[in-house]
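Heads up: the structure comes next, in structure tokens.
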Amino acid sequence: MPRSPPGVAACETAPNIALIKYWGIRDPERNLPYNSSISVTLDRLRSRTRVRFRPGLTADEFRLNGVRMGGGPLGDVRRFLDRVRDLSGVTDHAEVRSTNNFQTASGLASSASGFAALAGAATLAAGLDLSPRQLSQLARLGSGSACRSVFGGFVEWRRGTRPDGRDCYARPLFDEHHWPELVDVVAIVANAPTKVVRSASAMQASVRTSAEFARRQRELPARIDALRRALKNRNGPALFALIMEECDSFRRVCETTTPSLNYLTRTSREVLEAVRLENAVRGEAVAGYTHDAGAHVHVFTLRANATRVRARIQAIRGVSATHVLHAGPGPRILRVTRG
Ligand code: DP6
């Protein structure tokens, strides 16, 4: 039985950008990853989701940015709501309304913030009161990277070793105030293709077919330790070198997958090259790039270099805009009304 009658709840969350990528699922049933990953939850970008359980509704409904969704996205939301119904005992169907203040399915991690917001709003509307760790484990079942958006600041998703997944969850490493000088200049690439295949399926093709996958897994534990240290010590050059090494490793796995996964456009590649050039000219890593399964590129740098780095990126033909972001806070509950 539900702890209290179902009602309405709304929650706001932010996307995260992975500095160490999640890429490969060892248990698809429980969405358990092969490797741990580390991300930064971003400020300014937001997903807002409202869930209302309504007696008499014959099926779950999902609107994204005002548009009624069907097909895959609706199926994903329904499966997620089924889990919340199983946990809570609620039997009603729900209306889900979600808005993003940024582009959906473009490599800006809308599924991460979307499922983190859905997990928060749906559980509260169902009368459940989950701990952040439980919420992270639930969000993971909607979209792996969503388990990290349950926290603000710098977050590590630990792969865990238990077959039942109880030790697989995200936890905060440092809060959003840890390193205020760290800036993420996001290069928005014009005509970026819309993501058609979910990363969860694409990465399984890499597990099956990329000869690079196993090598990457062997390299990761040392890289993860080094990255945690660079964050702790607020060591810019170390962080920038590590995230580029990691991003290149992720891209090699994608490109050696059959069929090959190519997320970048020519413009994205020019952004990577501009960062390499800037570092070569300066004689040390003053900036570092990373990207997810999309064409937009995140360029991390320190506040002192941000204006110069941004101007350089903005000057590249095909970069339609640049956003200057920082580490941001975790989820915010906007509304809870029971019964
Ligand atoms: C490259 O968790 O977004 O962004 O469940 O298909 O939404 P879906 O997968 P998702 O995969 C994230 C892949 C990545 C790396 C990362 O965020 O760690």
Side-chain angles (χ1 to χ4, degrees), residues 13-42 45 47 64 71-73 75-77 79-80 83 98 100 102-119 136-151 154-159 168-170 173 184 186 192 194-207 210 213 216-217 220 223-224 227 243 246-255 257 261-264 268 289-298:
T13 59
N16 64 77
I17 174 71
L19 304 178
I20 299 282
K21 312 293 175 188
Y22 145 58
W23 199 253
I25 302 169
R26 70 177 197 273
D27 177 345
E29 184 72 21
R30 298 178 179 81
N31 218 17
L32 305 178
Y34 274 98
N35 59 272
S36 298
S37 52
I38 296 181
S39 60
V40 191
T41 298
L42 301 168
L45 309 182
S47 293
L64 179 59
D76 293 341
V77 166
R79 268 187 298 282
F80 193 82
R83 293 186 190 273
S98 203
N100 293 329
F102 59 96
Q103 244 181 313
T104 303
S106 63
L108 287 180
S110 54
S111 71
S113 52
F115 276 103
L118 181 63
S136 162
Q137 290 184 307
L138 178 65
R140 186 191 80 219
L141 300 171
S143 168
S145 55
C147 78
R148 298 184 309 237
S149 273
V150 166
F151 300 99
F154 301 86
V155 180
E156 177 169 3
W157 172 11
R158 312 206 65 162
R159 72 182 289 279
C168 177
Y169 49 80
L173 285 178
D184 174 12
V186 186
T194 303
K195 191 164 151 180
V196 278
V197 178
R198 280 194 63 166
S199 295
S201 325
M203 63 181 78
Q204 293 311 81
S206 296
V207 173
S210 168
F213 183 81
R216 170 172 160 74
Q217 290 303 311
L220 273 170
R223 194 179 297 140
I224 289 172
L227 195 116
I243 66 173
E246 163 62 3
C247 179
D248 293 347
S249 148
F250 160 64
R251 197 171 51 259
R252 258 197 312 277
V253 168
C254 291
E255 289 174 353
T257 296
L261 300 165
N262 286 300
Y263 294 112
L264 300 187
S268 324
Y289 56 70
T290 191
H291 59 79
D292 277 344
H296 307 311
V297 181
H298 294 248

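All values reported here derive from a predicted model rather than from experimental measurement. Remember, it's 1-based here, ligands and their atoms both numbered in the order they're listed.
Heavy atoms only, all atoms of each residue included: A139 and V150 are closest at CB-CG2, 4.1 Å. Scanning all heavy atoms of the two residues, the minimum distance from I20 to S37 falls at O-CB, 3.1 Å.
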Enumerate the pairs of nitrogen or oxygen atoms, one from ligand 1 and one from the protein, separated by less than 3.5 angstrom; state names and distance to 0.1 Å.
unit_1, atom_1, unit_2, atom_2, d
ligand 1, 2 (O), S143, OG, 3.1
ligand 1, 2 (O), G144, N, 3.3
ligand 1, 2 (O), S145, N, 2.8
ligand 1, 2 (O), S145, OG, 2.8
ligand 1, 3 (O), S111, OG, 3.3
ligand 1, 3 (O), S145, OG, 3.3
ligand 1, 4 (O), D292, OD2, 3.3
ligand 1, 5 (O), S143, OG, 3.3
ligand 1, 5 (O), R198, NH2, 2.6
ligand 1, 6 (O), R198, NE, 3.1
ligand 1, 6 (O), S199, N, 3.0
ligand 1, 6 (O), A200, N, 2.9
ligand 1, 7 (O), S111, OG, 2.8
ligand 1, 7 (O), S143, OG, 2.9
ligand 1, 7 (O), R198, NH2, 3.2
ligand 1, 17 (O), R148, NH2, 2.8
ligand 1, 18 (O), Y22, N, 2.8
ligand 1, 18 (O), R148, NH1, 2.9
ligand 1, 18 (O), R148, NH2, 3.1

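Checking each of R216, M203, Q217 against V253 for a side chain to side chain contact (heavy atoms under 4.5 Å, CB included) leaves exactly one that passes, namely R216. Of the candidates F213, W23, Y22, F213 is the only one forming a ring pair (Phe, Tyr, Trp, His ring centres under 6.0 Å) with Y34.
Between the side chain of E255 and the main chain of N262, no donor-acceptor pair closer than 3.5 Å is present.
Partners of D248 by side chain to side chain contact (heavy atoms under 4.5 Å, CB included), not counting sequence neighbours, listed by chain and number: R251, R252, R276, Y289.
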